[in-house]
There are 4 protein chains.
Amino acid sequence: MLNRVVLVGRLTRDPELRYTPNGVAVANFTLAVNRTFTNQQGERDADFINCVVWQKIAENVANYLKKGSLAGVDGRIQTRSYDNNEGRKVFVTEVVAESVQFLETRRSEGGQAPADSFANESQPIDISDDDLPF
Amino acid sequence: MLNRVVLVGRLTRDPELRYTPNGVAVANFTLAVNRTFTNQQGERDADFINCVVWQKIAENVANYLKKGSLAGVDGRIQTRSYDNNEGRKVFVTEVVAESVQFLETRRSEGGQAPADSFANESQPIDISDDDLPF
Amino acid sequence: MLNRVVLVGRLTRDPELRYTPNGVAVANFTLAVNRTFTNQQGERDADFINCVVWQKIAENVANYLKKGSLAGVDGRIQTRSYDNNEGRKVFVTEVVAESVQFLETRRSEGGQAPADSFANESQPIDISDDDLPF
Amino acid sequence: MLNRVVLVGRLTRDPELRYTPNGVAVANFTLAVNRTFTNQQGERDADFINCVVWQKIAENVANYLKKGSLAGVDGRIQTRSYDNNEGRKVFVTEVVAESVQFLETRRSEGGQAPADSFANESQPIDISDDDLPF
DNA sequence: TTTT
DNA sequence: TTTT
């Protein structure tokens with residue numbers, strides 16, 4: 001059945017990279033996707049969408065993206081549940097990214113940026129992977 | 001920023017139609033979207049995705065869809081939080097449907113279906129609405 | 001870069017299945033996707049979108065879909081050009097389907113449909129393939 | 001019926017802005033969307049996708065985007081035909097953009113860019129419009 | 001809390 | 001007719 005999601009937004013924090021007991025890389029990050037409309041208070045709201053990536057893309061995401069990076073995600077919605085430490089079932093809805101596009105280069109913190117280096121002249125980097133472990 | 005979701009799945013229960021204090025119709029339903037792959041136990045899993053619709057579409061959804069109906073949804077992911085009755089913050093991720101396509105006619109329960117009536121010859125019905133209240 | 005298309009529509013004719021010189025299956029079909037709005041004459045228009053599928057999905061499409069079938073397509077837009085028989089360059093924009101969902105069972109022509117067989121009780125069939133030859 | 005397209009790519013030329021006899025703005029542009037895979041010659045191919053936008057977005061596109069700009073498009077596929085000057089029917093497949101996201105600031109040609117202005121710190125601009133004339 |  |  002059809003289940004397709006496409007997002008462009010900014011990472012709210014650095015991605016978290018972990019490894020499963022079998023050594024498979026998994027990264028989690030949250031995308032802040034600004035809404036085009038404003039709320040009753042006239043503010044521009046955002047949706048904060050949790051994303052997961054596996055394997056090689058997970059490692060690429062951890063290497064190339066950080067808090068504030070602009071990224072595009074093509075994936076699907078996944079739901080799952082787990083029991084929290086109070087023994088209560090928690091339901092999770094998140095996006096499994098099948099490909100991630102790095103839409104800009106961030107200046108490194110405290111780094112000395114050469115006068116002629118402009119992010120808008122950098123190539124967006126595509127990181128995709130087809131043999132996911134699920 | 002880009003935030004787009006397209007789903008095709010079956011309703012897990014009848015849609016719930018309510019009205020805001022200002023009289024705006026809202027309907028909630030959950031789509032079961034079967035995955036194409038199978039899990040470790042060889043079972044075919046599904047994602048259970050909560051959807052919200054507003055206004056005229058909400059009423060159409062309540063009228064035309066029921067538990068088990070096959071439906072297509074075009075919308076976006078929305079996140080929000082609220083405090084539950086224990087004073088704890090609960091985070092919700094759901095799909096705001098901007099248009100819903102009713103993909104089949106369900107036989108009415110206990111009804112007598114005429115020998116020549118086939119769901120596959122019915123026209124899918126599109127219900128969309130552009131002036132959402134947000 | 002992001003390139004994602006999702007369609008639900010009906011085949012305008014039976015799919016055409018061919019094989020490349022290397023024996024790779026390719027199928028072509030056109031989806032009529034009705035618009036939700038009506039034109040100035042008050043008619044409901046449709047878009048006629050050419051689709052290509054490769055390999056196993058191509059054969060599944062040829063086996064399961066026919067003129068009039070309702071199908072969902074998840075894929076991407078592809079552009080290419082070729083020289084026609086008058087030596088003129090022709091530009092083609094089409095959708096490469098990465099997965100196709102068969103959304104209903106068509107009654108076989110002249111077949112005897114049992115009184116209790118309803119398309120709406122059939123399972124949508126997903127046909128997808130990840131190792132495309134391009 | 002469902003018809004949804006999401007693209008991220010670069011403009012191959014400056015957008016062309018025109019007005020209908022009734023004064024409605026229309027802009028045309030082509031997005032080069034690089035493929036993630038390479039062709040047999042090891043080159044990285046691209047798809048060149050023609051896009052149309054109407055009304056206010058058309059004017060925004062003409063103002064903010066130019067050849068080489070990185071842009072995101074959310075829209076749908078449209079097909080139409082017209083008779084060319086040889087009296088031959090030409091079929092067109094293009095994307096009608098319902099919203100366009102300007103994903104970077106281009107340095108103005110010959111302009112003097114201040115040492116601390118980085119495109120990656122600029123806000124992507126969303127231009128969308130809901131009351132299209134069709 | 002889940003559909004066919 | 002093609003962008004970085």
Side-chain angles (χ1 to χ4, degrees), chain A residues 1-3 79-81 88-93 101-105 118-126, chain B residues 7-16 28-36 43-51 65-73 92 94 103-104 106-107 119, chain C residues 1-3 79-81 88-93 101-105 117-126, chain D residues 7-16 28-35 43-51 65-73 92 94 103-104 106-107 119:
Chain A
M1 287 173 160
L2 283 168
N3 182 343
T79 60
R80 59 189 172 83
S81 65
R88 212 186 293 245
K89 202 164 215 119
V90 180
F91 292 90
V92 177
T93 298
Q101 189 187 4
F102 180 13
L103 286 167
E104 73 187 5
T105 318
F118 283 85
N120 54 17
E121 289 168 6
S122 71
Q123 265 306 86
I125 297 170
D126 271 307
Chain B
L7 305 170
V8 172
R10 287 188 187 279
L11 291 244
T12 62
R13 52 175 211 275
D14 290 353
E16 283 169 31
N28 291 277
F29 59 92
T30 299
L31 271 192
V33 182
N34 293 140
R35 298 180 184 161
T36 48
E43 307 158 328
R44 185 132 162 247
D45 268 332
D47 295 294
F48 299 97
I49 302 169
N50 294 321
C51 299
L65 297 179
K66 54 201 290 196
K67 182 177 176 173
S69 298
L70 187 68
V73 160
V92 176
E94 62 204 345
L103 286 167
E104 72 187 9
R106 297 293 296 171
R107 183 161 44 148
Chain C
M1 286 174 160
L2 282 168
N3 182 343
T79 59
R80 58 187 173 85
S81 66
R88 211 185 293 247
K89 203 163 214 119
V90 180
F91 292 90
V92 176
T93 298
Q101 189 185 7
F102 180 14
L103 286 168
E104 73 188 7
T105 318
S117 94
F118 283 83
N120 54 16
E121 289 168 7
S122 71
Q123 267 303 89
I125 297 169
D126 272 306
Chain D
L7 305 171
V8 171
R10 287 189 187 279
L11 292 243
T12 61
R13 52 174 212 275
D14 290 353
E16 284 169 29
N28 290 277
F29 59 94
T30 299
L31 272 192
V33 183
N34 294 139
R35 298 180 182 158
E43 306 157 329
R44 186 132 161 246
D45 269 332
D47 294 294
F48 300 96
I49 303 170
N50 295 319
C51 300
L65 297 180
K66 56 200 291 195
K67 182 177 175 176
S69 298
L70 188 67
V73 160
V92 176
E94 63 204 346
L103 286 167
E104 75 187 5
R106 297 293 294 170
R107 185 165 39 150

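Just so it is clear: chains get the letters A, B, ... in the order the sequence lines come, proteins before strands, and each one is counted from 1.
Nucleotide F:dT3 holds its P atom 12 Å from the CG atom of D:Asp14, rounded to whole Å. The CZ-P distance, from D:Arg35 to F:dT3, rounds to 15 Å in whole Å. Distance CG (C:Leu2) to C1' (F:dT4): 16 Å, rounded to an integer number of Å. Regarding B:Leu103, its CG atom lies at a distance of 19 Å from the P atom of E:dT3, rounded to whole Å. Separating the CZ atom of B:Arg13 from the P atom of E:dT4 is a distance of 14 Å, rounded to the nearest angstrom. Taking atom CG of residue A:Asn3 and atom P of nucleotide E:dT2, one finds them 19 Å apart after rounding to whole Å. Counting to the nearest Å, the P atom of F:dT3 and the CG atom of D:Leu31 are 13 Å from each other. If you measure from atom CG of D:Leu7 to atom C1' of F:dT3, you get 14 Å, rounded to the nearest angstrom.
D:Asp14 contributes a side-chain N or O that, together with a main-chain N or O of D:Lys67, makes up a donor-acceptor pair within less than 3.5 Å. In terms of modelled atom types and a separation under 3.5 Å, the side chain of B:Thr30 and the main chain of B:Thr12 share no donor-acceptor contact. Side-chain atoms of D:Asp47 come within 3.5 Å of backbone atoms of C:Thr79 as a donor-acceptor pair (strictly under, hydrogens ignored).
Nearest to the side chain of A:Lys89, among E:dT2, F:dT1, E:dT1, sits E:dT1. Which of F:dT3, E:dT1, E:dT3 sits closest to the side chain of D:Phe48 comes down to F:dT3. Listed nucleotides: E:dT2, F:dT3, F:dT2. Nearest to the side chain of D:Asn50: F:dT2. Listed nucleotides E:dT3, F:dT3, F:dT2 differ in distance to B:Arg10; the shortest reach to its side chain belongs to E:dT3. The B:Asn34 side chain lies nearest to E:dT4 when the options are F:dT3, E:dT4, F:dT1. Comparing F:dT3, E:dT3, F:dT2 by their closest approach to the side chain of B:Lys67 singles out E:dT3.
With sequence neighbours left out, the side-chain contact (heavy atoms from CB on, under 4.5 Å) criterion links C:Arg80 to C:Gln78, C:Tyr82, C:Val92, C:Glu94.
Nearest heavy atoms, D:Leu70 versus C:Met1: CD1-CE, 3.9 Å.
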